[in-house]
Amino acid sequence: MTAESNGKLTLKKMIPEIKFTKLFINGEFVDSISGKTFETIDPRTEEVIAKVAEGSKEDIDLAVKAARDAFDNGPWPRFSGAQRRKMMMKLADLIDENTEELAALDTIDGGKLFHYGKIIDVPGAAETFRYYAGAADKIHGDTLKMSTDYQAYTLLEPVGVVGHIIPWNFPIQMFAMKVAPALAAGCTMIVKPAEQTPLSALFYAHLTKLAGIPDGVVNVVNGYGTIAGSALTSHMNVDKVCFTGSTKVGRLVMQAAAMSNLKQVTLELGGKSPIIIFDDAELDRAVQLALIGNLYNKAKICAAGSRVFVQEGIYEEFLNKLEEKVKSWVVGDPFDQDTQQGPQIEKKQYNKILSYIEQGKKEGATLLSGGKPVGKGGYYIEPTIFTDVEDDMIIAKEEIFGPVMSILKFKTIDEVISRANATTYGLVAGVITNNLNTANTVSRSIRAGSIWINCYFVFDRDTPFGGYKMSGYGRDMGMEGLSKYLHVKTVATPIYNTPWL
Ligand code: NAI
Ligand code: MG
């Protein structure tokens, strides 16, 4: 099941040169005002990779000042869309030229698979910049026919200074998903990466400068959420905050926005998504989708399909096939080509996942496979599968954010729809069936932002992504991902020189 089941993991010491560790403010790499730094660690070994400048309120103030000035007086929002497009295209090319280095940074900093980084995360980030670059010169309002002797048109204008607070599970893609549309819209911004993965965003910042994006447009301030993050969310000169992370912090972001300048907020907060497998499903495909849906990116993914509902007619056969298949799932060094699952991000998460596994056992779920740490040192955990899971068990209710799959049995379509919806979350759902009517009924009945039929994790630049209920609101990606960075302004004027009423 694992690369090394004998308690040892052989790690490749593929540490790329760490070129950037300071804050990036107004186009320059600078130390924090306090001079403080924090350590970022390699989750493969728990060793320190680098000391990174730690931003606090004063540094956020400086970055916001730079972004505000770049927005109020600088060229970026005043450029034509075509001018912005050109620089964003250049940035995408620079990302492509540095694929290996960027992928390696997230592998040592966040334990992400290096080969996936090279073929999925980094090229995907470059494509995201191209996608929104292509939209930058197509931002138009409408002409409005009015019921009176007036006419009006709308202008779409950038919302202003944006704070992006991003998590550690997809550092590169989150950066692109948030920064690219905001740039296309003409906004200026401050990015606050997660303290667990501070490195790659600084490399991107360096590339924005090489691409010719003016100083102050993109600023990167690393630091802790409770200090740098909260200074950003409560800042009076920030017009919008886009946040991806936990529900707990999502609430704090809203609260800070409400208590400061009522800035706009969009939130992407994770979930407890169902994958629903019907009796008529193609079984091998269903097994594969359930595995990928739970273990991809070591299950550090908001859209993980962590509640797998299996219809009673195929339940036993499904479990047999799943048990067989998970045996060949490779946990190990994320630099190894064969590895499918690297280490968890940090000790806190690692311990949290192990305690959820204990909780599952205590509550009476049956452990089909896994359940233990892998190796000595590093944050490796076996892919873990529980069967006989009941809806009210904690492992079926709370987001674990780790390689722990819960399998639940169901009888009828109505029953499974109601059980799948019985959650405070609503991010995505998977439906595996060969019956079109079943697929259509479930798709329209589940309250979630994305439905994947006979597939899973179908993220694409073209498709808006975000939640219902406590999974948050607002959408990343697609044209909705752009429109959230735009204000609509209405301009009205009389058609004739009619007397004022
Ligand atoms: P978190 O929500 O604390 O961190 C996410 C980001 O928010 C980081 O950049 C962090 O520095 C920042 N942050 C933290 N406190 C803040 C505050 N008071 N004001 C402003 N920004 C703040 O998530 P954490 O602790 O890293 O992970 C805990 C759980 O959150 C995970 O187990 C998982 O359930 C969930 N999570 C969900 C993610 C998603 O993709 N939706 C991503 C990361 C975590
Ligand atoms: Mg790290």
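Nothing fancy with the numbering, it's 1 onward along the sequence. Whatever order the structure lists them in is the order used to number ligands and atoms, beginning at 1. All of these numbers come straight from a predicted model, not from anything done at the bench.
- At least one heavy atom of P193 sits less than 4.0 Å from an atom of ligand 1.
- Using a 4.0 Å cut-off between heavy atoms, A228 makes no contact with ligand 1 at all.
- Side chain of E363 to backbone of I394: a donor-acceptor contact under 3.5 angstrom is found.
- Nearest non-hydrogen protein atom to atom 24 (P) of ligand 1 is W168 NE1, 3.8 Å.
- Less than 4.0 angstrom separates some heavy atom of G229 from each of these atoms of ligand 1: 19 (N), 20 (C), 21 (N).
- D388 and T366 are linked by a side-chain donor-acceptor pair at a separation below 3.5 angstrom, with hydrogens and angles left out of the test.
- Looking from atom 14 (C) of ligand 1 to the surrounding protein, the closest heavy atom is G225 CA, 3.5 Å.
- Checking K192, K248, Q344, K348 against atom 25 (O) of ligand 1, the nearest heavy atom belongs to K348.
- Using a 4.0 Å heavy-atom cutoff, F170 is absent from the residues neighbouring ligand 1.
- Of the listed options P167, G467, G163, P167 places a heavy atom closest to atom 43 (C) of ligand 1.
- What sits closest to atom 39 (C) of ligand 1 on the protein, heavy atoms only, is C302 CB, 3.7 Å.
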Step-by-step side-chain contact (heavy atoms from CB on, under 4.5 Å) determination, T197 to L105: CA-CA 9 Å; T197 50; L105 282 176; over 6 Å; no

Trace of the side-chain contact (heavy atoms from CB on, under 4.5 Å) decision for V191 with V179: CA-CA 8 Å; V191 181; V179 170; 3.8 Å; yes

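- In terms of modelled atom types and a separation under 3.5 Å, the side chain of D460 and the main chain of D462 share a donor-acceptor contact.
- Among all heavy-atom pairs drawn from I275 and A290, the shortest one is CD1-CA, 4.2 Å.
- Side-chain rings of F170 and F175 stay apart, their centers remaining 6.0 Å or farther from each other.
- For atom 18 (N) of ligand 1, the closest non-hydrogen atom on the protein side is L252 CD1, 3.7 Å.
- Annotation: T233 places no N or O atom under 3.5 Å from an N or O atom of ligand 1; distance criterion only.
- Although no hydrogens or angles enter the test, the distance criterion places no donor-acceptor pair under 3.5 Å between the side chain of D109 and the main chain of D106.
- Here is the list of ligand 1 atoms found below 4.0 Å of a heavy atom in I166: 6 (C), 8 (C), 9 (O).
- Under 4.0 Å from ligand 1, the heavy atoms of L269 that appear belong solely to its backbone.
- In this structure, atom 1 (P) of ligand 1 has a protein heavy-atom contact shorter than 4.0 Å.
- Of all protein heavy atoms, the one closest to atom 27 (O) of ligand 1 is Q349 NE2, 3.4 Å.
- For a threshold of 3.5 Å applied to N or O pairs, the pair formed by S246 and ligand 1 contains at least one separation below that value.
- Atom 40 (O) of ligand 1 has its closest protein heavy atom at N169 ND2, 3.1 Å.
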Residue pair Q349, F401: steps toward the side-chain contact (heavy atoms from CB on, under 4.5 Å) verdict: CA-CA 8 Å; Q349 284 289 324; F401 231 59; 4.1 Å; yes

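- Nearest to atom 12 (C) of ligand 1 among the protein's heavy atoms is I165 CG2, 3.6 Å.
- Among all protein heavy atoms, the one lying closest to atom 38 (C) of ligand 1 is F401 CZ, 3.4 Å.
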Evaluation steps, side-chain contact (heavy atoms from CB on, under 4.5 Å), between Y456 and I292: CA-CA 8 Å; Y456 210 74; I292 299 294; 5.7 Å; no

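- Ligand 1 has no N or O atom lying under 3.5 Å from any N or O atom of E346, backbone or side chain.
- The local environment of NZ in K209 is crowded, with over 12 non-hydrogen atoms from other residues, nucleotides or ligands closer than 6.0 Å.
- Taking 2.8 Å as the threshold, T197 does not count as a candidate ligand of the Mg ion (ligand 2), since none of its N, O or S atoms lies below it.
- The main-chain N or O of G270 is found under 3.5 Å from a side-chain atom of S471 such that the two form a donor-acceptor pair.
- At a cut-off of 2.8 Å, D109 is counted among the residues with an N, O or S atom near the Mg ion (ligand 2).
- Take the Mg ion (ligand 2) as the corner point: the lines to OG1 of T40 and to O of Q196 open at 80°, to the nearest 10 degrees.
- Among the backbone and side-chain atoms of P198, none of the N, O or S atoms lies under 2.8 Å from the Mg ion (ligand 2).
- When the heavy atoms of L427, V249, L267 are ranked by distance to atom 16 (C) of ligand 1, first place goes to V249.
- In K352, the part holding a heavy atom less than 4.0 Å from any atom of ligand 1 is the side chain.
- With 3.5 Å as the limit, one finds no donor-acceptor pair spanning the side chains of N222 and K192.
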